[in-house]
Amino acid sequence: MSVNISADKGAIPAFIQESWQRCISKGLQPSMMDKEDMLGAFELAEYHDRYAELLYHSSPILKEVYHSINGLESILLLAAPEGYIIETVGDPAFIRHADNVSLRKGANWLEESKGTNAIGTAIVEKNPVLIHGSQHFHQDNHFLTCAASPIYHPDGHLLGVLNLSSHQQNYHPFSISLVQRVADSIKQSLLLSHTQKREKNLYFIYDSYPDPLITLDKEGKVTDLNSAASHVIGTSEKQVSNIVSGTDPLVLERRVSIKDQEFLVQTLGKNMEHQSSVIVRLKKQKLIDRLTTNRYQFNDIISNDPQMNQIISIAKRASALDISLLITGESGTGKELFAQSIHGYSLRSDKPFIAINCSAIPENLLESELFGYEKGAFTGAKNGGHKGKFEAADGGTLFLDEIGDMPLQAQASLLRVLQERCVTRVGGHASIPIDVRVIAATNKDLQKEMEAGEFRADLFFRLCGLSLKLPNLRSRKDLLLLAEYILADLPYKSEHTELTVEAKTFVLEYSWPGNFRELQNVLGQAAFLADNGPITRDMLVALCPVSSIKNEEGANADQEPRNFQEQETQLIRNALERTSGNISNAAKQLDIGRNTLYRKMKKYGINFQK
């Protein structure tokens with residue numbers, strides 16, 4: 001091998017000599033080049049899907065650049081970080097010539113495949129490179145002069161490589177500058193797109209934030225306010241300016257009065273480097289915080305499950321309607337989380353949220369807890385009497401958990417209160433008006449309870465202004481997302497605490513009879529036992545009820561895979577079953593591309609129909 005650029009080029013660049021040494025160490029021979037490392041149609045389509053964003057932003061730029069150098073018998077190529085060429089634009093005659101050395105779409109041009117070359121060496125060097133003539137390791141490529149530059153994603157990782165190839169007699173020292181500038185143009189296009197997308201997402205979050213938000217410039221002038229702020233204080237800029245006048249961005253909190261309501265002005269975010277803007281929040285002050293147990297909002301509900309997302313959407317719309325709600329679902333599915341979120345999203349959010357578990361209070365004390373009692377109503381009653389949960393929740397929301405366990409006598413008293421909108425304390429005679437929204441919840445089938453005479457039908461219809469049925473965990477499509485959320489929130493989690501592939505499969509296939517509480521408990525214990533290492537399937541099995549695991553394994557005993565193909569087929573069928581045949585969701589669960597899943601389905605003859 002020899003350098004054949006020109007006499008004044010000096011010695012062979014050190015990075016090329018190092019590349020040659022790498023090729024020799026891998027057993028490559030200059031006279032024999034691998035031309036078979038090619039992507040099939042399905043694999044190439046998968047790469048197009050994976051790097052769709054890069055192709056979208058680079059294609060118009062590549063075409064524009066090619067038009068400017070048209071006539072030079074050259075070709076522009078875009079390669080993935082794995083070395084595979086995924087896009088080509090160039091002179092047809094030169095494309096045919098380049099095809100003889102597999103310089104075409106789908107071919108792999110890593111150094112271990114094609115020796116020293118611009119694409120593969122640029123990936124190793126992480127910098128723009130020029131490889132000319134005999135500087136190529138393989139003799140078949142000596143007719144080429146090539147310049148390549150890496151393309152980096154806005155977050156810093158390698159996204160692809162841009163390459164310009166031509167006949168060696170067309171060598172030009174500025175070709176490396178050209179590809180570098182084009183690569184920078186592609187990166188800038190990506191950066192602009194990400195900035196616009198981030199700003200759009202941030203504005204959506206800003207506008208939909210439940211508390212009033214106001215943005216001020218460095219002079220203190222209002223530049224924007226969200227919907228909640230407009231609703232509370234109006235849209236008059238003068239009015240807003242008067243309210244926040246004198247607000248110092250460095251002062252985190254101060255109180256203001258707006259329309260006879262007290263608000264706390266809090267600095268949420270600021271750009272103090274350039275003194276450009278500050279976002280302040282008007283947090284409504286609650287005079288009855290000691291009575292309010294509402295801690296959760298809809299933002300606290302983690303979900304990427306279509307069914308759950310639809311229920312969240314319905315619950316948000318129902319929040320604005322002052323009607324009774326009945327939330328059903330198995331234990332651990334988040335019924336109180338929904339109840340608190342609905343209260344926090346409603347017009348009663350500044351009033352108390354009071355919860356009572358109807359199954360945890362003895363029958364003889366339940367009515368006094370709900371409706372209160374007067375002095376001397378029973379042995380042990382307080383001297384001054386006691387107001388019940390309905391009075392405590394006046395103006396706000398009363399959450400009746402486990403309503404299905406309420407005794408029939410208490411059901412009759414509750415029905416009377418809901419009808420008359422007033423309560424009479426135990427041992428008293430006066431009717432006390434109450435303004436309360438009732439949200440009830442149960443893990444029982446109330447239809448069957450009514451048929452058995454254990455639950456009053458008239459109370460059911462009074463409580464069920466709208467019914468929300470929460471899905472159990474085993475039917476959700478976002479189990480791994482929930483698991484990652486739980487692990488990320490653990491106080492003793494390290495960066496090495498993650499689920500192995502087998503553990504993830506167990507999470508997806510186990511029935512989780514205790515729903516979210518069980519998942520949270522099992523993962524919490526497993527993360528502790530893992531002692532900063534990965535969580536394995538065996539750890540999870542040891543922490544789950546033996547009976548549930550045996551039933552699960554017994555159901556699949558006859559289908560135990562005997563080889564890798566059967567195991568892969570079973571995994572694909574299970575994923576398709578869990579996602580009701582949704583290819584995109586199934587591919588995501590299997591951590592493969594959609595086209596790869598289609599190819600494997602065709603290979604194994606899987607024709608899934610739900």
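The basis for the numbers below is simple: all heavy atoms, side chains too, and nothing from hydrogens, waters or symmetry mates.
Remark: the backbone N or O of R22 is paired with a side-chain donor or acceptor of S25 at under 3.5 angstrom. Proximity of a side-chain donor or acceptor of S313 to a complementary backbone N or O of N309 within less than 3.5 Å is not detected. In this structure a side-chain-to-backbone donor-acceptor pair under 3.5 Å is missing from D305 to D478. H136 places no side-chain N or O within 3.5 Å of a backbone atom of G115 that could act as its donor or acceptor partner. Distance alone, capped at 3.5 Å, places no donor-acceptor pair between the S19 side chain and the F15 backbone. Checked by atom type and distance alone, the side chain of K114 pairs as donor or acceptor with a backbone atom of D34 at under 3.5 Å. Remark: the backbone N or O of L54 is not paired with any side-chain donor or acceptor of H57 at under 3.5 angstrom. In this structure, the side chain of W512 does not engage the main chain of N472 through any donor-acceptor pair within 3.5 Å. Side-chain N or O atoms of Y510 include none that pairs as donor or acceptor with a backbone N or O of R474 at under 3.5 Å. The backbone N or O of L337 sits nowhere less than 3.5 Å from a side-chain atom of D300 that would complete a donor-acceptor pair.
Other residues, nucleotides and ligands contribute at most 12 non-hydrogen atoms within 6.0 Å of the NZ atom of K588. Annotation: Q169, atom CD; neighbour count of heavy atoms from other residues, nucleotides and ligands within 6.0 Å is above 12. At most 12 heavy atoms of other shown residues, nucleotides or ligands fall within 6.0 angstrom of atom CD in Q310.
Side-chain contact between S102 and I85 is absent, with no heavy-atom pair separated by less than 4.5 Å. By the 4.5 Å heavy-atom criterion applied to side chains, N117 and C146 are not counted as neighbours.
Note on residues 63-86: pairs passing salt bridge (Lys or Arg N to Asp or Glu O under 4.0 Å), not counting sequence neighbours, are R50-E82. Within the structure, salt bridge (Lys or Arg N to Asp or Glu O under 4.0 Å) pairs that include any residue of residues 127-143 comprise K35-D140 (at least two apart or interchain).
Relative ring orientation between H167 and H97 is described as tilted, the plane-to-plane angle lying within the 30° to 60° band.
Side-chain contact annotation: Q135 with T116, donor-acceptor N/O pair under 3.5 Å absent.
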Please evaluate residues Y84 and D37 with respect to the criterion side-chain contact (heavy atoms from CB on, under 4.5 Å), reporting the C-alpha separation (whole Å), side-chain torsions for both, the decisive distance (0.1 Å), and the verdict. CA-CA 9 Å; Y84 289 104; D37 192 355; 3.2 Å; yes
